[in-house]
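Data first, discussion second: the structure below is written as structure tokens.
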Amino acid sequence: MRHEFRKLNKSYSYQNTAEIEPKKLRQQIKSKTVIPYQVEFQPPPASLRKICWLECKYCYGASADDEGSPRMSRELALRVLNDLATGGVKKIIFAGYATDPLNSPIIGDLLEKAVERKLIFGFNTKALKVPDKIIEIIKTKKVSKESYMSLSVDAGTNETYNKMHAVKSDAKLYDRVLNNAEKIRAANSQLTLSAAYLINRTNCEADDIHRFIRDFKDIGFNFIRFSFLQEPKDVNLDTEILPKKDDLEQIKGGIENIILAEDSEKCPVKLIDIDHKENIFRKAQTIPCFARFIFPTVGYDGWLYNCSQSSSPNFHSTALGDLSKDSFWDLFYNYRFDNEQLYFCKTSKKLKDSGCRCDRKMHLANKSLIKSNIFDFGEP
Ligand code: SF4
């Protein structure tokens with residue numbers, strides 16, 4: 001198996017932090033020399049009210065309450081990005097919580113800065129709009145190797161796209177996404193591109209699956225991933241969107257062979273279903289939590305948070321602080337780890353009280369660090 005192929009598989013199986021060495025991490029946390037594995041950066045949307053293009057029922061950030069909260073200014077966002085690069089961060093992921101990173105008026109300026117500072121960048125986006133400035137930047141030869149764009153698509157036709165994303169008009173949004181995907185590929189043939197598909201009862205017909213795979217393979221995508229939706233925080237979903245356990249097995253049985261038949265080394269096509277194996281099926285959290293050390297998140301309100309799933313104003317109780325008042329590194333190193341048991345006891349209680357919900361990558365990273373037996377958590 002080629003190196004690149006292995007890396008892609010690992011990364012899109014939620015295991016890209018598997019190389020973190022627990023012993024080294026503990027020593028670096030103690031000596032305050034730890035540098036995040038990656039920082040997620042959530043560029044601010046312009047609006048104070050409707051912050052996303054869509055209103056997907058299954059949005060992970062649907063319970064975010066940002067009534068009256070500010071938006072990070074362009075100056076602050078650029079300063080933070082600069083500080084991250086100066087302090088040794090290598091990888092920035094542009095993503096959104098209850099919105100899309102490309103729905104930010106300053107995303108072009110941020111990407112320009114990231115490329116200028118030689119950061120590896122990633123995008124988690126729906127790519128419904130791709131500003132010209134983004135295309136111009138990714139065309140340049142300066143894009144760091146390992147940079148990627150991951151498109152959340154979740155459909156293979158316009159009809160299913162609109163149903164899945166609660167779009168009431170008959171706008172041809174799937175076609176628009178395909179068109180943007182083509183533009184991105186044409187701008188840079190080396191950039192790693194992946195397309196993601198969350199499966200449920202709305203979009204599990206064979207026609208949709210076939211067409212989605214064929215369309216994105218034809219454009220030259222490098223990885224196609226199917227997975228099941230995780231349960232969002234504090235949102236009641238019907239069983240069409242969030243099927244029951246037995247139903248999931250039935251859906252899986254109907255599509256597994258199609259996916260398997262399309263898998264290849266040139267473009268892996270995978271159904272990643274690890275929730276039962278890893279014992280994280282609709283589980284809220286895996287704590288004690290290490291997210292703030294390995295993938296802290298700059299929220300759209302200019303606060304620094306533990307992780308991408310706990311990065312909206314209603315998580316200020318667990319946040320690391322306000323970046324308009326203190327620098328990234330002052331907030332990042334503002335912890336006491338001289339008494340590990342006390343540290344984990346206090347932070348775990350806070351996180352439990354906040355009701356945050358880990359995504360799969362976080363569940364797995366926390367699980368493997370807990371299992372390493374390197375840290376002193378005290379009595380369970
Ligand atoms: S959601 Fe999970 S990873 Fe994020 S802060 Fe809570 S426990 Fe940690």
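Atoms within each ligand, like the ligands themselves, are counted from 1 in listed order.
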Ligand 1 atoms nearer than 4.0 angstrom to some heavy atom of Arg357 are 1 (S)
Give me the other members of the hydrophobic cluster that Leu342 sits in, counting Ile, Leu, Val, Met, Phe, Trp and Tyr linked by side-chain heavy atoms under 4.5 Å, directly or via other members. none
Step-by-step side chain to side chain contact (heavy atoms under 4.5 Å, CB included) determination, Tyr305 to Glu40: CA-CA 10 Å; Tyr305 295 93; Glu40 187 161 310; over 6 Å; no
His363, portion touching ligand 1 at heavy-atom distance under 4.0 Å: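 No part of His363 comes within reach of ligand 1.
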Output the distance between atom CD1 (Ile370) and atom CZ (Phe377), rounded to the nearest 0.5 Å.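 Output value for this atom pair is 5.5 Å.
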Check whether NZ of the Lys or CZ of the Arg Arg336 lies under 6.0 Å from the centre of the six-membered ring of Tyr343 and within 45 degrees of that ring's axis. no
Decide whether a cation-pi geometry holds between Lys32 and Tyr335; the criteria are a distance under 6.0 Å from NZ or CZ to the six-membered ring centre and an angle within 45° of the ring axis. yes
Could you walk me through whether Arg117 and Asn82 pass the side chain to side chain contact (heavy atoms under 4.5 Å, CB included) test, one step at a time? CA-CA 7 Å; Arg117 295 300 317 261; Asn82 230 345; 2.5 Å; yes
Suppose the cut-off is 2.8 Å; which protein N/O/S atoms would you list for atom 8 (Fe) of ligand 1?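 Listed by chain and number, the nearby protein N, O or S atoms are Cys289 SG.
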Please verify the inter-ring angle class for Phe226 with Tyr197; under 30° counts as parallel, over 60° as perpendicular, anything in between as tilted.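 Because their plane-to-plane angle lies in the 30° to 60° range, the rings of Phe226 and Tyr197 count as tilted.
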